[in-house]
Amino acid sequence: MTQNHDIGASSGLLARAQTQIPAQAAGVIIVDLDQIAANWQALNDHVGAANCAAVVKADAYGLGAQRIIPALSSAGAETFFVATLDEARVARSLAPNATVYVLDGLMPGSAAATKEIGAFPVISTIAEAEEWAALAPSRLEPVPCALHVDTGLNRLGLSAPEIHKLAANSHLLDRLDVKLVMSHLACADEPHNPKNAQQLSVFQILLPLLPSVPLSIAASDGLMLGPNFHFEMVRPGYAIYGGQASPDRQSPVAPALEVHARVLQVRDVAPGQTIGYSATFHPDRLTRLAVIAAGYADGYLRHLSAADGETRGHVAIAGQLCPIVGRVSMDLITVDITDLEDVEVKRGQWAQIIGPHITIEDIGRSSGTIGYEVLTRLSPRFTRVYLGGPENAAPGA
Ligand SMILES: *Cc1c(COP(=O)(O)O)cnc(C)c1O
């Protein structure tokens, strides 16, 4: 057996990352940049002639925009969506020639700063349209932006009456160089939900009022609803990172990350003792515990705590699932390894938090939330390790 095997590094990405993991790392997120590029490519292929943008808000869903944006750029992505101006600044510096859209639009007073970095606001209100248009020196030099149309999500976007108002105001509209008209779906993860077709038809009814420019309505799940939803651009985020939000319709993507944390200590607890804060867990047999270096400050949600009689979440050690017992604390969890077969768990060994045995969707479900929230909450305390990518490409590749 190899040294790596001894500490439980038999899974794919962990074994490949081994030499890059510092000895002091208590937890790691290993991101396969080549798989992320391949996922984007597969989504781009799936939508045929439509353009595939990349949504990289929230630091590329918690995985590190610094490495992910260049990897997506070199795969061919030319349009990025972020939520905030700070995120746009990062995207702009990493992809100087890309189009960068800011989904939150303009904060009052931030139009000049947005223009200065060359980002395009996604405009959802007449007030934003006015603030942005005020930067156009004349109607000969309109300012570039996207318009967000609300078609039934009732979150961001111009309502039908506002679109009529905008359409009637040529003084305002002429100063906007509308590059994209977009909307967002409420139920795209449910392919048979009639809301999808309803939103599509509201979109189509409103479009004649607006400049005829490229259109976009689909994110990761929407682009799986069929060609009617592709228009000129799709805007996936989650699927690029390997997420499969819709249980009914698999995206043509593969997992691109693993999360692991170290075993710090192994201990035996006798019946009559209790485990963890508030003594919520009373073992009814001699129980072997592994204490693992991940807690709620790492984004391992406290909802995964398990009192007597409960099973919420698991980690996988040497390929076997081990249930969390007792409370999740700030820095630590305790898992029951009594039933592990043929493994002697050692200090320093890795416990898989997300990987081949526990998908992002699994941990989302057991955390009482969705994979998106788990990913975007993984804290900076995890050491991020990257495999592949443009900087590590083989010469001539
Ligand atoms: C976050 C977001 C997306 C990306 O959604 P995914 O489900 O991650 O693909 C696309 N469009 C808008 C408006 C968003 O807010």
Side-chain angles (χ1 to χ4, degrees), residues 51 53-74 77-150 153 155-159 162-163 165-166 169-184 210-211 213-216 219 233 235-237 240 372 376-377 379-380:
N51 277 312
V55 180
V56 292
K57 59 193 180 187
D59 197 27
Y61 289 51
L63 301 177
Q66 208 69 34
R67 296 299 299 274
I68 284 173
I69 290 175
L72 290 170
S73 277
S74 62
E78 293 172 340
T79 303
F80 293 94
F81 285 84
V82 295
T84 67
L85 188 56
D86 286 339
E87 292 172 0
R89 238 180 232 116
V90 172
R92 168 54 67 236
S93 72
L94 295 166
N97 301 316
T99 299
V100 177
Y101 285 110
V102 184
L103 290 165
D104 281 357
L106 298 171
M107 299 305 125
S110 72
T114 304
K115 188 158 185 272
E116 198 175 318
I117 65 164
F120 299 175
V122 179
I123 288 175
S124 295
T125 60
I126 300 280
E128 284 168 287
E130 283 167 349
E131 285 183 29
W132 191 237
L135 296 186
S138 75
R139 52 177 64 197
L140 296 176
E141 294 165 88
V143 276
C145 62
L147 292 181
H148 196 160
V149 174
D150 184 71
L153 178 61
R155 203 178 62 173
L156 285 177
L158 296 153
S159 63
E162 286 166 330
I163 290 165
K165 209 168 135 194
L166 182 63
N169 186 347
S170 63
H171 177 78
L172 177 53
L173 204 49
D174 286 354
R175 282 172 168 74
L176 300 177
D177 176 13
V178 180
K179 299 284 193 196
L180 182 74
V181 170
M182 57 172 269
S183 190
H184 197 46
L210 293 167
V213 298
L215 306 171
S216 176
M233 180 175 285
R235 314 182 307 270
I240 293 176
Y372 289 74
T376 54
R377 281 179 175 238
S379 90

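These numbers were taken from a predicted model, which means no experiment stands behind them.
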- request: Taking all heavy atoms of A65 and all of L94, pick out the closest pair and write down the distance.
  value: O-CD1, 3.5 Å
- line: Rounding to 0.5 Å, atoms SG (C145) and NZ (K115) come to a distance of 12.5 Å
- prompt: If you measure from CD on E116 to CG on L135, what distance do you get to the nearest 0.5 Å?
  reply: 11.0 Å
- prompt: Looking at I240 and V55, what are the two nearest heavy atoms and their distance?
  reply: CD1-N, 4.4 Å
- prompt: Pairs in or reaching into residues 122-141: which pass ring-ring contact (aromatic ring centres under 6.0 Å, His included), with residues at least two apart or in two chains?
  reply: none
task: For A136, enumerate each residue passing the side chain to side chain contact (heavy atoms under 4.5 Å, CB included) test, keeping only those at least two apart in sequence or located in another chain.
output: V143, R175
statement: d(M182 CE, L215 CG) to nearest 0.5 Å is 11.5 Å
Heavy-atom closest contact (L153 atom, D150 atom, distance): N-OD1, 3.5 Å
task: Give a yes or no answer on whether the side chain of S183 reaches the backbone of V149 with a donor-acceptor pair at less than 3.5 Å.
output: yes
task: Ignoring hydrogens and angles, tell me if any N or O in the side chain of T84 forms a donor-acceptor pair with the backbone of E87 under 3.5 Å.
output: yes
query: So how far is it from E131 CD to T114 OG1, rounded to the nearest 0.5 Å?
result: 9.5 Å
- prompt: With side chains defined as the heavy atoms from C-beta onward, is the minimum distance between L103 and K57 less than 4.5 Å?
  reply: yes
Spacing of CZ belonging to R139 relative to CG belonging to L173, to within rounding of 0.5 Å: 10.0 Å
- prompt: Can you find a pair of side-chain heavy atoms, one from L85 and one from I117, that are under 4.5 Å apart?
  reply: yes
field: Nearest heavy atoms of K179 and P144, plus distance in Å
entry: CE-CB, 3.9 Å
- prompt: Does G118 offer a backbone N or O that forms a donor-acceptor pair with the side chain of R92 under 3.5 Å?
  reply: yes
Can you give the donor-acceptor pairs under 3.5 Å from side chains of residues 119-130 to other protein atoms, not counting sequence neighbours?
from : atom 1 : to   : atom 2 : distance (Å)
S124 : OG     : G157 : N      : 3.4
T125 : OG1    : E128 : N      : 3.1
T125 : OG1    : E128 : OE1    : 2.8
E128 : OE1    : S124 : N      : 3.1
E128 : OE1    : T125 : N      : 3.0
E128 : OE2    : L106 : N      : 2.9

statement: Taking every heavy atom of L180 against every heavy atom of S216, the minimum-distance pair comes out as CD1-CB, 4.1 Å
query: Atom CG of L147 and atom CG of L166: how far apart are they, to the nearest 0.5 Å?
result: 6.0 Å
- prompt: What pair of heavy atoms forms the shortest contact from H184 to R235, and how long is it?
  reply: ND1-NH2, 3.0 Å
